[in-house]
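To start, the structure under review is shown below, and the notes come after it.
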Amino acid sequence: MIVGSGVDLVEIEDLKKTLDKQGDKLIKRIFTAKEMDYSLNKKASTEHLAVRFAAKEAVLKAFGNEKIKSVRLRDIEILNDKNGKPEVNLSNSAEKLKVDSGIDRIIISLSHTKRFAVASAILTKEREV
């Protein structure tokens, strides 16, 4: 049963300007080591960072409650499985929110162009009998 959905759109140039101003400090506050390793080794690294940022925001919007204020963006990790399909790994505050909310699965979809990055997230849980 779907219990939440969220979508986020990032203008890549805006993120690039922000990263240029704040540099590594901001990147390390938002992204995990695995996300940085994946994204920063790509030719279009800002696009890959932007779509992961959009996915983190989409996940938070899907939860859509006051409890998301305590979730750090680094606690939401967006990686790709061996086939390239994006997946969400949660830790710490994000994992606690998932457990407390009874969420069984988070499904995400990512896309980007040179100008925009978009992500959607769907939260599901088993039907209650």
Side-chain angles (χ1 to χ4, degrees):
M1 168 171 57
I2 295 174
V3 294
S5 67
V7 66
D8 194 65
L9 178 71
V10 173
E11 202 160 345
I12 293 171
E13 187 60 31
D14 289 348
L15 180 65
K16 183 178 182 334
K17 288 177 185 175
T18 301
L19 293 175
D20 287 345
K21 285 182 187 175
Q22 298 185 23
D24 286 347
K25 184 179 178 181
L26 179 64
I27 288 175
K28 289 178 181 176
R29 196 174 82 221
I30 296 173
F31 301 102
T32 66
K34 289 180 182 177
E35 289 171 319
M36 288 185 286
D37 184 52
Y38 176 84
S39 299
L40 296 175
N41 286 310
K42 298 287 187 182
K43 182 178 179 182
S45 61
T46 306
E47 293 170 18
H48 289 275
L49 290 172
V51 80
R52 277 156 182 72
F53 180 76
K56 292 168 186 267
E57 290 288 321
V59 168
L60 290 174
K61 289 175 181 178
F63 278 102
N65 61 36
E66 287 293 313
K67 295 177 184 176
I68 66 170
K69 291 179 181 178
S70 66
V71 176
R72 296 179 330 152
L73 289 175
R74 280 180 51 92
D75 292 346
I76 303 169
E77 183 178 59
I78 311 300
L79 299 174
N80 297 73
D81 70 11
K82 64 182 178 178
N83 297 315
K85 181 180 174 184
E87 58 187 10
V88 179
N89 297 317
L90 303 179
S91 61
N92 304 315
S93 59
E95 178 66 21
K96 181 175 179 353
L97 177 60
K98 178 185 172 197
V99 170
D100 291 349
S101 300
I103 301 302
D104 296 309
R105 188 168 174 215
I106 302 173
I107 304 162
I108 59 168
S109 181
L110 314 176
S111 187
H112 61 81
T113 65
K114 289 183 180 184
R115 189 167 173 206
F116 296 105
V118 64
S120 67
I122 297 172
L123 309 180
T124 66
K125 66 167 118 175
E126 296 293 321
R127 286 192 182 268
E128 295 179 24
V129 182

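One is the number of the first residue; the rest follow in order along the sequence. Keep in mind that what you see is a predicted model, and the values were worked out from it rather than measured.
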message: Does this structure show an ion pair linking Asp81 with Lys85, if we count only N-O contacts that are shorter than 4.0 Å?
response: no

- prompt: Are Val118 and Val88 connected in a single hydrophobic cluster, I mean Ile/Leu/Val/Met/Phe/Trp/Tyr linked by side-chain heavy atoms less than 4.5 Å apart?
  reply: no

message: As a quick check of understanding, evaluate side chain to side chain contact (heavy atoms under 4.5 Å, CB included) for His112 and His48, giving each step before the final call.
response: CA-CA 8 Å; His112 61 81; His48 289 275; 3.9 Å; yes

query: Roughly how far, to the nearest 0.5 Å, is the CZ atom of Arg52 from the NZ atom of Lys34?
result: 13.0 Å

task: State, to 0.1 Å, how close Ala119 and Ala54 come at their nearest heavy-atom pair, and which atoms those are.
output: CB-C, 3.6 Å

- prompt: Are Leu60 and Val99 joined in one hydrophobic group, where the rule is that I, L, V, M, F, W and Y side chains link up if heavy atoms are under 4.5 Å apart?
  reply: no

- prompt: Any side-chain heavy atom of Phe31 sitting closer than 4.5 Å to one from Ser39?
  reply: no

field: Side-chain donor or acceptor of Asn41 paired with backbone N/O of Asp37 under 3.5 Å
entry: yes

message: Is there a side-chain contact between Lys25 and Arg29 in this structure, where contact means two heavy atoms from C-beta onward sitting under 4.5 Å apart?
response: no

field: Spacing of NZ belonging to Lys16 relative to OG belonging to Ser45, to within rounding of 0.5 Å
entry: 8.5 Å

Shortest non-hydrogen contact from Leu15 toward Ala50: CD2-CA, 3.4 Å

field: Donor-acceptor contact below 3.5 Å, side chain Arg74 vs main chain Ile30
entry: no

message: Is any side-chain heavy atom of Ile76 closer than 4.5 Å to one of Leu90?
response: yes

- prompt: Which residue, Asp104, Ile103, Thr124, forms the side chain to side chain contact (heavy atoms under 4.5 Å, CB included) with Val3?
  reply: Ile103

- prompt: Looking only at heavy atoms, which two atoms of Gly6 and Ala62 are closest? And how far apart?
  reply: N-CB, 3.7 Å

message: Within this structure, what is the CZ-NZ distance for the pair Arg105 and Lys98, rounded to the nearest 0.5 Å?
response: 10.5 Å

query: Is a donor on one side and an acceptor on the other found under 3.5 Å between the side chain of Asp75 and the backbone of Asn92?
result: no

Reported CG-to-OG distance for the pair Asp8 and Ser120, which is rounded to 0.5 angstrom: 10.5 Å

- request: Using the side chain to side chain contact (heavy atoms under 4.5 Å, CB included) rule, pick out the option among Leu73, Val71, Ile108 that qualifies with Val59.
  value: Ile108

- prompt: Are Leu40 and Leu26 connected in the hydrophobic side-chain network, where two residues link if heavy atoms are under 4.5 Å apart?
  reply: yes

- prompt: At what distance, to the nearest 0.5 angstrom, does CG of Asp100 lie from CD of Glu95?
  reply: 10.0 Å

message: Count I, L, V, M, F, W, Y as connected when their side-chain heavy atoms are under 4.5 Å apart, and connections chain through other members. Are Leu19 and Val10 then in the same cluster?
response: yes

query: Do Thr113 side-chain atoms and Arg115 backbone N/O form a donor-acceptor pair below 3.5 Å?
result: yes

message: Same cluster or not: Leu9 versus Phe53, using hydrophobic residues (I, L, V, M, F, W, Y) connected whenever any side-chain heavy atoms lie under 4.5 Å apart?
response: no

task: With side chain to side chain contact (heavy atoms under 4.5 Å, CB included) as the test, would you mind laying out the steps for Glu35 and Ile78 before giving the verdict?
output: CA-CA 7 Å; Glu35 289 171 319; Ile78 311 300; 3.8 Å; yes

